> 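This is the structure I have questions about; it appears just below.
Per chain, numbering begins at 1; letters A, B, ... match sequence-line order. The analysis underlying the following values was restricted to heavy atoms, covering all of them including side chains, and did not include hydrogens, waters or symmetry mates. Treat the numbers as computed from the prediction; the structure is a model and nothing was measured.
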Amino acid sequence: MPELPEVETVRRGLVAVLGKRAVIAQVILRRADLRAPIPPDLPRRLRGQPILGIRRRAKYLLWDTPAAILLCHLGMTGTWRVAAPGDDRDHDHCLLELTDGRRLVYRDPRRFGCLDLVSPGAETAHPRLRDLGPEPLAVDFTAAYLHAATRGRRAPIKTLIMDQAIVVGVGNIYAAEALFRAGIRPGAAAGRISLAACTRLVAAIRTVLEAAIAAGGSTISDFRQAGGDAGYFQHDFRVYGRAGQACVQCATILRESTLGGRTSVWCATCQRG
DNA sequence: CTTTGCACCTGTTGGC
DNA sequence: TGCCAACAGGTGCAAA
């Protein structure tokens, strides 16, 4: 489900729902692991802690409390919701019970997500955060950076912009959409992308992510904002999920192939770079 | 070091 | 209608 826009949408929704004075009364783990083990002392370390805020780094959510940071990745199917009494579902793995009686529930059917703890101030040393590249919406993600980072790389440019060590937050949907908007073939060797093309691509990644955030993310199957609303950026997809259909710009039939194990759709006419 | 392929899971969808 | 294969928003690891 979640690439940067969806994670950011979840973050904003949670912040709005929580307000200023949310305090964790109790944490209940329904299982000991997702893909990786969940720290067994996680409930004890978070019990009684006020939630100071929630940040996002890459596709991770960082819940700040004085004692510890709750690090959460949504994987493919992770969701947070405010669960009404009695709203218990399969795959509800972690419950945060607040002192005001509300329950925040992490649900993740495929269990590709993660829940972990980080000591405050130690974020940059955490193995899952240590090797991340720049935020695509930050000033240090520039064409010059992307150009330099891709020199000598033969892998497809789409694979590399989905590589979280190059730039974070871009997944299969937004990689395809950004490459279309930049006029670059997904399979082009990254090391041969010109600086001019990098300029277009950096701009396209920014534009598409910002537009998707403004739209509340993309709802495919069951992604929901914290308030339960669907995102609506899926209506702005120009190539993702449209193989075999006509290009919105030139009516050429969109092609599909697999790159790095991921389905890729593109227009052979509009994407020549 | 880079690249590739697959494993990790469950749920949904589409073809026969 | 029913069954089963293929596929899905991500990452991490092994092997080449």
> Between A:L74 (CG) and B:dC8 (C1'), how many Å, whole number?
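Atom CG in A:L74 sits about 17 Å away from atom C1' in B:dC8.
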> Taking only the side-chain nitrogens and oxygens of A:H91, find out if one of them lies under 4.0 Å from OP1 or OP2 of B:dG11.
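Yes.
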> Would you mind reading off the distance between A:K158 atom NZ and B:dT4 atom C1', rounded to a whole angstrom?
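Computing the A:K158:NZ to B:dT4:C1' distance gives 14 Å.
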> In whole Å, what is the span from the CE atom of A:M162 to the P atom of B:dT2?
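So the CE-P distance, A:M162 to B:dT2, works out to 18 Å.
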> Compare the minimum distances between each of C:dG10, B:dT3, B:dT10 and the side chain of A:H73, then state the nucleotide with the smallest one.
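Among C:dG10, B:dT3, B:dT10, the one nearest the side chain of A:H73 is C:dG10.
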> On a plain distance test, is the side chain of A:R35 in donor-acceptor contact with the base of C:dT11 below 3.5 Å?
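A donor-acceptor contact between them is present.
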> Side chains of A:S218 and A:Y240: is there a donor and an acceptor less than 3.5 Å apart?
no
> Could you tell me whether the side chains of A:Y60 and A:Q164 share a donor-acceptor contact shorter than 3.5 Å?
no
> Considering only side-chain heavy atoms of A:K59, which listed nucleotide, B:dG11, C:dG10, C:dG9, is closest?
C:dG10
> Please measure how far the P atom in B:dC9 lies from the corresponding atom in C:dA14, and state the result in whole Å.
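16 Å, rounded to whole Å.
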> If you compare every side-chain N and O of A:T263 against the phosphate oxygens of C:dA8 (OP1, OP2), does one of them come in below 4.0 Å?
yes
> Closest to the A:P156 side chain: B:dG11, B:dT3, B:dT4?
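Side chain of A:P156 sits closest to B:dT4.
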> Any salt bridge between A:E8 and A:R12, counting N to O under 4.0 Å?
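Judged by the 4.0 Å cut-off on N to carboxylate O distance, A:E8 and A:R12 do form a salt bridge.
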> Rounding to an integer number of Å, can you tell me how far A:D90 CG sits from B:dC9 P?
17 Å
> Which residue, A:L160 or A:G260, contacts DNA chain B at a nucleotide closer to its 5' end, judged by nearest heavy atom?
A:L160
> Any salt bridge linking A:R55 with A:D64? Criterion: basic side-chain nitrogen under 4.0 Å from a carboxylate oxygen.
yes
> Determine the interatomic distance between C1' on C:dG9 and the same-named atom on B:dT3; round to the nearest Å.
23 Å
> Working to the nearest 0.5 Å, report the span between OH of A:Y174 and CG of A:L4.
9.0 Å
> Need one value for A:Y174: base, sugar-phosphate or nothing, where a base atom within 4.0 Å counts as base even if backbone is also close, heavy atoms only.
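Result for A:Y174 = nothing.
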> When you check the phosphate oxygens OP1 and OP2 of C:dT11, does a side-chain N or O of A:Q164 lie under 4.0 Å from one of them?
yes
> Please report, rounded to the nearest Å, how far the C1' atom of B:dT10 is from the CE atom of A:M76.
11 Å
> Do A:L160 and A:R153 come within less than 4.5 Å of each other through their side chains, counting heavy atoms only?
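The answer is yes, as the side chains (C-beta and beyond) meet within the 4.5 Å cut-off.
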> Would you mind reading off the distance between A:D116 atom CG and C:dG10 atom P, rounded to a whole angstrom?
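That distance rounds to 21 Å.
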> Output the rounded distance in Å from CZ (A:R153) to P (B:dT4).
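Between P of B:dT4 and CZ of A:R153: 10 Å.
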> Answer with base, sugar-phosphate or nothing: what part of the nucleic acid does A:R262 contact at a heavy-atom distance below 4.0 Å?
base
> Got a salt bridge between A:R110 and A:D108, using NZ or NE/NH1/NH2 to carboxylate O under 4.0 Å?
no
> What's A:G261 touching, base or sugar-phosphate or nothing? Going by heavy atoms closer than 4.0 Å.
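If one applies the 4.0 Å heavy-atom cut-off, A:G261 turns out to touch nothing in the nucleic acid.
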> Only stems of 3 or more consecutive Watson-Crick or G-U pairs count here, both distances under 3.5 Å; name the ones for DNA chain C, or none.
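Stems for DNA chain C, defined as runs of 3 or more consecutive pairs: B:2-8 with C:10-16, B:10-16 with C:2-8.
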> Is there aromatic stacking of A:F112 against C:dT11, centre distance under 5.5 Å, plane angle under 30°?
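A:F112 ring does not meet the centre or angle cut-off for C:dT11; no stack.
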> Quick one: is A:R111 getting a side-chain N or O under 4.0 Å of the B:dC8 phosphate, OP1 or OP2?
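Checking B:dC8 against A:R111, no side-chain N or O comes under 4.0 Å of OP1 or OP2.
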> Are A:V10 and A:L98 co-members of a hydrophobic cluster defined by side-chain heavy atoms under 4.5 Å apart?
yes
> Is there a side-chain contact between A:R128 and the phosphate of C:dG12, meaning an N or O under 4.0 Å from OP1 or OP2?
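Answer yes for this pair, as a side-chain N or O of A:R128 is under 4.0 Å from OP1 or OP2.
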> What is the separation between atom CG on A:L34 and atom P on B:dT10, rounded to the nearest whole Å?
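Distance, rounded to whole Å: 12 Å.
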> Report the residue from A:L95, A:I24, A:V82 that forms a side chain to side chain contact (heavy atoms under 4.5 Å, CB included) with A:L104.
A:V82
